[in-house]
Protein chains: 2
Amino acid sequence: MIDIARLAGVSPMTVSRAFKDDGRVSDTARAAVMQAADQLGYVFDSTASALRSQRSDFVAVTIPSINNANFADTVRGLSDGLRARGLQILLGYTDYDVQAEETLIAQLLRRRPEAMVVTGGTHTDRARALLDKAAIPVVEIWDLPARPIGHVVGFSNAAAMGMLVDHLVGQGRRRIAFIGGDAARDTRGTDRRRGFVAAMRRHGLDATRLIDAGAPPISMAEGAAAMAELLARLPDTDAVVCVSDLSAFGALSECQRRGVAVPDRVAIAGFGDYEIAAICVPPLTTVNPFPGRIGAQAAALILQALDGTLPDPALIGITPQLMTRASTGS
Amino acid sequence: MIDIARLAGVSPMTVSRAFKDDGRVSDTARAAVMQAADQLGYVFDSTASALRSQRSDFVAVTIPSINNANFADTVRGLSDGLRARGLQILLGYTDYDVQAEETLIAQLLRRRPEAMVVTGGTHTDRARALLDKAAIPVVEIWDLPARPIGHVVGFSNAAAMGMLVDHLVGQGRRRIAFIGGDAARDTRGTDRRRGFVAAMRRHGLDATRLIDAGAPPISMAEGAAAMAELLARLPDTDAVVCVSDLSAFGALSECQRRGVAVPDRVAIAGFGDYEIAAICVPPLTTVNPFPGRIGAQAAALILQALDGTLPDPALIGITPQLMTRASTGS
DNA sequence: TTGAAAGCGCTAACAT
DNA sequence: ATGTTAGCGCTTTCAA
């Protein structure tokens, strides 16, 4: 920067201002600076800027998996909303593990992000303590935490699952099963299972048809294997709700391989409204939690919080939408 | 850090060494430092560390889309390979646009990454110049660039597509169509189209059945629409190759909706070996380019380059594997 | 094994 | 609109 200042015939401070789009720089000075910078092949050093100004322009984000279209949509919503303010996303994934999340959060905080977005409302005590002490805006997404850390943009996974059960019961189904993952890890998956059980009981139905499909995330193949197990163990099942559209599609494919008619003999519903749900044959009934909107809202909250125009913790509830399709009825 | 030093009764330098796992710190000193740090709720500041040591511990990565299982697998391979050395990934996506890639690269370089991984071998001149001047290891992945910038871990998209055409011809198919995206943007998609045309000509077959499905990435829905167009315009087509498994699955679904038998009347092949290809009914013939392996190899190259044990630009060719499944024959 | 001094490249704060 | 001074929180370098 000193070299540029010399070449442009100004002080380093003017160079700094020129790069910051600071209004109080003359057009001539700015032009001279930019030309000198170009000539010298100068690349601005955000590291030094971040240290001196104590503004990293980072927003840290943790998601369970980078390989998931729903979370990708959320990240895109976040990214688009934050880019306008020059904020960059520092992304990490937790593999659906709160211990890994704790380690990740600790590591991300070292980069001095200006805000932090974490997926889910369940964290280790130390992770909570770290976030508290960081004294930056925190947004929990994709969940409605019992004890929020800061702001929240989410929905009740249990209630959303209840919508699906209500729909199936309305379609005349009674012997409904749930295909999901290992309860201990994926907390959103566990909430969905809990929501399933609660809704079934509310309808006075048996809520014991629970198939454990393995560790989250449940793949299509695991969904298929779970369906095979279900058809073998409880052949009179007339509907299945799956923890995600991906496992639901796996279940559907298994029915197709076995010549089990969907929805005539078994109805199938998923969760997430992934693209496949709308396009497979028959298309899958599911719930759309508007992942992109979650990201956009979280970004908006962060901008407000950084502006200081958000005095109190915000709780933004997203209302998931039931997408009724042919896999659960005519 | 000064506060910790005071509390632990050592110098700031010892605190720094304790956090760096520097061997030349006594166990007693380290323990005292860690206890003091814990007590004060200290979080190490990577920004200052990066500025002084000129080591950011970042590796910047650009991918076309964050919402793509293949690229997600590559990022995971990279991430896993780099984490062992304490290197963190700084991820950006280009939306399949070389102009956006240029902007992104410029922005990422401001963070002073220690290496850069870019997807594809086509870039703007300025992007190339920026990477050259950055004087850091550069790895181009998912392609075999005509004029590599630095290291390469990739494969020939054209040749991989040729494998699919050869297979279809071997199955007795002759009137083969290609479903792909707008040629101007997705360079890997364009290479695949080129590979299709070349292979068809090699077999002495007509290579004009090219359906443009829109701007990349081609969705399942766009694949379905393209299939509908194909069946209407060129109903005697006996095989289709799609630019990706996702569009191929869309095409398959369209056939199912129309009662067009796959593979009996039309064979369908995709690209990428996404999970859906193995599990849909019938499963899709495709090509597996080993996305995770690409990431792992790129990570390995970067570590070697940073160690200085990689004097010359490396070119690591990945051999994609043809996955023959029922969608193209019995 | 530990410490003291200096400085990484920027920008806040103040001055003009 | 521009310049001067000092310093962000670490680590390099040198010394003990």
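Reminder, nothing fancy here: chain letters follow the sequence lines and each chain counts from 1.
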**Study point:** B/Ser49 side-chain N/O to D/dT11 phosphate OP1/OP2 under 4.0 Å
**Key:** yes
Check your understanding: Under 3.5 Å, is there a donor-acceptor pair between the side chain of A/Thr14 and the main chain of A/Val10?
Key -> no
Practice item. Please answer whether the main-chain N or O of A/Gly121 pairs with a side-chain N or O of A/Asp143 as donor and acceptor at a distance below 3.5 Å. Key: yes
**Study point:** Selection residues 104-118 of chain B - residue pairs positive for side-chain hydrogen bond (donor to acceptor under 3.5 Å, both in side chains), sequence neighbours left out
**Key:** A/Gln88-B/Arg111, B/Arg55-B/Glu114
Point to revise | Nearest heavy atoms of A/Ile302 and A/Ala115, plus distance in Å | key: CG2-CB, 3.7 Å
Exercise for review: Give every residue pair that meets the ring-ring contact (aromatic ring centres under 6.0 Å, His included) criterion with at least one member in residues 77-110 of chain B, sequence neighbours excluded.
Suggested key: none
Is [X] touching bases, backbone alone, or none of the nucleic acid, heavy atoms closer than 4.0 Å?
X: B/Ser16; result: base
X: B/Phe19; result: nothing
X: A/Ala50; result: nothing

Name the atoms and distances for all side-chain donor-acceptor pairs under 3.5 Å in residues 129-142 of chain B, with sequence neighbours left out.
unit_1   : atom_1 : unit_2   : atom_2 : d
B/Glu140 : OE1    : B/Ile149 : N      : 2.8
B/Glu140 : OE2    : B/His123 : NE2    : 2.8
B/Trp142 : NE1    : B/Thr74  : OG1    : 3.0

Nearest-angstrom distance from the residue atom [atom1] of [X] to [atom2] of [N]:
X: A/Leu51; N: C/dG7; atom1: CG; atom2: P; value: 16 Å
X: B/Asp45; N: D/dG7; atom1: CG; atom2: P; value: 18 Å
X: A/Lys20; N: D/dT2; atom1: NZ; atom2: C1'; value: 17 Å
X: B/Asp27; N: C/dT2; atom1: CG; atom2: P; value: 9 Å
X: B/Asp57; N: D/dT11; atom1: CG; atom2: P; value: 10 Å
X: A/Arg6; N: C/dG9; atom1: CZ; atom2: P; value: 13 Å
X: B/Gln54; N: D/dC10; atom1: CD; atom2: C1'; value: 12 Å
X: B/Arg55; N: D/dT11; atom1: CZ; atom2: P; value: 11 Å

With the criterion being N/O to N/O and under 3.5 Å, what pairs connect the protein with nucleotides 13-16 of chain C, and how long is each?
none

Point to revise | Comparing B/Thr47 and A/Thr14 on DNA chain D - which has the more 5′ nearest nucleotide | key: A/Thr14
Check your understanding: Can you name the ring-ring contact (aromatic ring centres under 6.0 Å, His included) partners of B/Tyr42, sequence neighbours left out?
Key -> B/Phe19
**Study point:** Contact residues, residues 102-116 of chain B to DNA chain D [heavy atom, < 4.0 Å]
**Key:** none
Practice item. Would you mind telling me which of D/dC10, D/dT2, C/dT2 lies closest to the side-chain atoms of A/Ser26? Key: D/dT2
Study note, to complete from the structure: Picking from C/dC10, C/dT11, C/dC8, the nucleotide nearest the side-chain atoms of A/Ser53 would be C/dT11
Check your understanding: Could you give the angle between the helix axes at the two ends of the helix from C/dT1-D/dA16 to C/dT16-D/dA1, with five pairs per end, rounded to 10 degrees?
Key -> 20°
Not counting sequence neighbours, which residues clear salt bridge (Lys or Arg N to Asp or Glu O under 4.0 Å) with [X]? List them please.
X: A/Arg128; answer: none
X: A/Asp191; answer: A/Arg194
X: A/Arg126; answer: A/Glu102

Which pairs of donor and acceptor atoms, one on a side chain in residues 305-318 of chain B, lie under 3.5 Å apart (sequence neighbours left out)?
unit_1   : atom_1 : unit_2   : atom_2 : d
B/Asp307 : OD1    : B/Arg85  : NH2    : 2.7
B/Asp307 : OD2    : B/Arg85  : NH2    : 2.5
B/Thr309 : OG1    : B/Gln304 : O      : 3.2

Check your understanding: Taking only residues at least two apart or on different chains, which pairs with a member in residues 88-100 of chain B satisfy salt bridge (Lys or Arg N to Asp or Glu O under 4.0 Å)?
Key -> A/Arg76-B/Asp95, B/Asp97-B/Arg185
